[in-house]
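Below is one structure, written out as structure tokens; comments come after it.
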Amino acid sequence: RAWMLFVSMFLLAAFGYAQQTVLLTESFESGSGTTPPAGWALEQVTGTTLGVSFVSTSTNPTISAAYDGTLFARYNSYGISSGSTRMKRTTSVSTTNNAFIMVDFAWYEDPGYSTSADKVDVQWSTNGTTWNTAGTFNRYNAVAGWKSKTVVLPSGANGQANLYVAFLFTSAYGNNCALDKVRVTGGPLPPPAFATIGTGTTTVGWPYYTFYMGSRTQMLYTAAQLTAAGATAGNLTSVGFNVASNVTQTMTNFTIKMGATTATTLTSFVSGLSTNYAVNYSVPGTGWRDITLTTPFAWNGTSNVIVEVCFGDNGTYTSNSTVYGTAATGTTWHYHTDNYAGCTGTAAGAVQTTTPNIRFGIPPISPGVLMGYVRDINTLAPIAGA
């Protein structure tokens with residue numbers, strides 16, 4: 001069984017699952033009496049009795065040991081008729097470049113006073129003063145003991161320079177509440193919604209070469225580039241270029257075609273591409289400008305991809321919209337002239353030394369969080385550190 005567990009973990013790692021990063025851990029070992037550890041504070045929210053202390057044992061219910069270490073946080077709901085106290089973090093953690101922020105902690109539950117809803121709210125804040133509740137846990141449970149609890153914070157907690165957490169205890173005049181071993185963890189950010197290829201800053205007029213009445217451009221992007229940019233086999237839903245300057249002239253018969261190829265360079269225009277977009281178009285502005293394909297292109301995950309942008313029979317000309325591109329050898333073939341049908345005309349064209357930077361819309365991957373514990377097969381107790 002141990003061998004099977006090892007293999008399962010290896011497979012998870014091999015397929016790219018990422019472990020949560022620990023951003024904060026606190027077992028309250030440096031608390032003393034009613035004084036919390038450094039970085040924490042107590043705030044009376046309702047009522048008059050603060051009620052939180054840091055102890056090694058407790059009565060009502062009987063707790064003979066902390067979940068972790070020797071001390072835990074106790075809230076005296078047994079002696080407080082009503083009221084609430086917030087134990088809050090005053091030193092923030094950064095969740096920059098992290099998503100799926102989770103708060104997990106040990107919470108003692110017991111069967112005493114079943115009708116008294118003594119509880120704790122898990123809260124979070126980005127300024128330390130305005131608090132949001134992410135989860136609520138009652139003290140009552142028919143089975144007594146320390147229980148592991150986990151809350152995944154909302155997306156507003158992701159990517160924050162400053163994140164604060166707190167525990168709001170509320171008394172219903174039942175048994176005491178106890179809390180220990182707090183951790184805040186974060187996972188990796190979701191993958192991008194675009195696969196972007198090219199970072200160059202050279203500006204070129206293709207594929208929007210409206211200084212002439214017609215233009216045809218084919219660009220080749222490799223499977224390795226797509227994979228490195230985050231694309232996986234499946235539909236490419238849009239094509240976008242990073243526009244440096246735009247001219248609003250409408251390109252008539254504007255068409256985007258795409259196709260798979262094993263070629264690594266272009267030496268002429270390639271025929272047989274499928275039409276993925278055919279609507280008159282004008283470049284609406286600068287920056288990344290994406291065109292949602294009428295028919296997505298199904299990429300097989302292994303082939304290189306040719307993208308053709310063409311237009312023709314404009315009747316007039318103005319000047320080029322320019323896009324940013326990256327130096328490349330043999331991956332762009334271009335032609336332009338007046339009175340040119342563009343997408344249906346024939347022309348020799350010529351290789352170019354700069355290939356436009358491009359980004360493809362890719363299906364969003366919805367990452368999830370796999371939560372649980374590795375347990376001893378005989379006792380079912382969680383294995384420390386696993």
Side-chain angles (χ1 to χ4, degrees), residues 12-30 36-41 43 68 86-106 120-136 148-168 179-201 225-232 240 242 287-288 290 324 357 359-372 385-386:
L12 285 174
F15 280 93
Y17 289 83
Q19 186 176 0
Q20 295 285 101
T21 299
V22 178
L23 307 175
L24 170 69
T25 183
E26 178 63 73
S27 290
F28 306 105
E29 296 302 287
S30 61
W40 294 83
E43 175 189 0
D68 183 68
R86 179 179 290 121
M87 182 175 67
K88 62 182 181 181
R89 184 75 180 172
T90 55
T91 302
S92 67
V93 298
S94 171
T95 63
T96 302
N97 297 323
N98 287 110
F100 300 105
I101 309 303
M102 296 196 297
V103 179
D104 63 78
F105 58 100
V120 67
D121 294 326
V122 180
Q123 298 186 318
W124 63 281
S125 172
T126 56
N127 58 17
T129 56
T130 302
W131 295 97
N132 310 284
T133 296
T136 300
S148 296
K149 304 296 182 181
T150 302
V151 177
V152 180
L153 300 186
S155 59
N158 300 342
Q160 297 291 337
N162 297 288
L163 180 75
Y164 303 85
V165 295
F167 297 90
L168 179 66
L179 184 145
D180 200 5
K181 189 64 182 295
V182 173
R183 292 195 319 162
V184 179
T185 60
L189 292 172
F194 297 99
T196 303
I197 299 173
T199 58
T201 57
Q225 288 176 313
L226 282 158
T227 300
T232 57
N242 192 0
W288 283 104
D290 302 294
Y324 292 106
N357 303 335
R359 70 181 190 183
F360 297 98
I362 58 178
I365 300 173
S366 300
V369 176
L370 179 65
M371 296 182 293

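Along the sequence shown, residues are numbered consecutively beginning with 1. These numbers were taken from a predicted model, which means no experiment stands behind them.
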Practice problem: Please name the residue in the list K149, R183, K181 that meets the salt bridge (charged side-chain N to carboxylate O under 4.0 Å, His left out) test with D104. | Solution: R183
Indicate yes or no for a side-chain donor-acceptor contact from [X] to the backbone of [Y] under 3.5 Å, with no hydrogens or angles considered.
| X | Y | answer |
| --- | --- | --- |
| Q123 | T130 | no |
| N357 | G200 | yes |
| R89 | T91 | yes |
| D68 | S27 | no |
| S148 | A106 | no |

To check you understand the geometry: which heavy-atom pair defines the closest contact between [X] and [Y], and what is its length?
| X | Y | value |
| --- | --- | --- |
| W288 | T196 | CZ2-CG2, 3.8 Å |
| Y164 | G128 | CD1-N, 3.4 Å |
| Q20 | G187 | OE1-CA, 3.1 Å |
| T95 | N158 | OG1-C, 3.7 Å |
| N162 | S92 | OD1-OG, 2.8 Å |
| I101 | A157 | CG1-O, 3.7 Å |

Self-check item: V165 vs K88, side-chain contact (heavy atoms from CB on, under 4.5 Å): CA-CA, chis, key distance, verdict
Solution: CA-CA 6 Å; V165 295; K88 62 182 181 181; over 6 Å; no
Self-check item: Steps toward side-chain contact (heavy atoms from CB on, under 4.5 Å) verdict (F167, L179)
Solution: CA-CA 9 Å; F167 297 90; L179 184 145; 3.5 Å; yes
Quiz item: Roughly how far, to the nearest 0.5 Å, is the CG atom of L23 from the OG1 atom of T25?
Solution: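 Result: 11.0 Å between the selected atoms.
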Quiz prompt | Spacing of CH2 belonging to W124 relative to CG belonging to L163, to within rounding of 0.5 Å | solution =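 Reported to 0.5 Å precision, the distance equals 7.5 Å.
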Quiz prompt | Pairing of D290 and R359 as salt bridge, 4.0 angstrom limit | solution =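 R359 and D290: salt-bridged.
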Practice problem: Check whether any side-chain heavy atom of F105 sits under 4.5 Å from a side-chain heavy atom of T150, and report yes or no. | Solution: no
Self-check item: P37 side chain reached by E29 side chain, heavy atoms, under 4.5 Å
Solution: no
Exercise. Walk me through it: do F194 and I362 pass the test side-chain contact (heavy atoms from CB on, under 4.5 Å)?
Key: CA-CA 5 Å; F194 297 99; I362 58 178; 5.7 Å; no
Practice problem: Would you sort out whether T185 and T21 count as a side-chain contact (heavy atoms from CB on, under 4.5 Å), showing the intermediate values? | Solution: CA-CA 5 Å; T185 60; T21 299; over 6 Å; no
Quiz item: Is the distance between the ring centroids of F28 and W40 under 6.0 Å?
Solution: yes
Self-check item: T133/D121 under side-chain hydrogen bond (donor to acceptor under 3.5 Å, both in side chains): CA gap, chis, key distance, verdict
Solution: CA-CA 6 Å; T133 296; D121 294 326; 4.6 Å; no
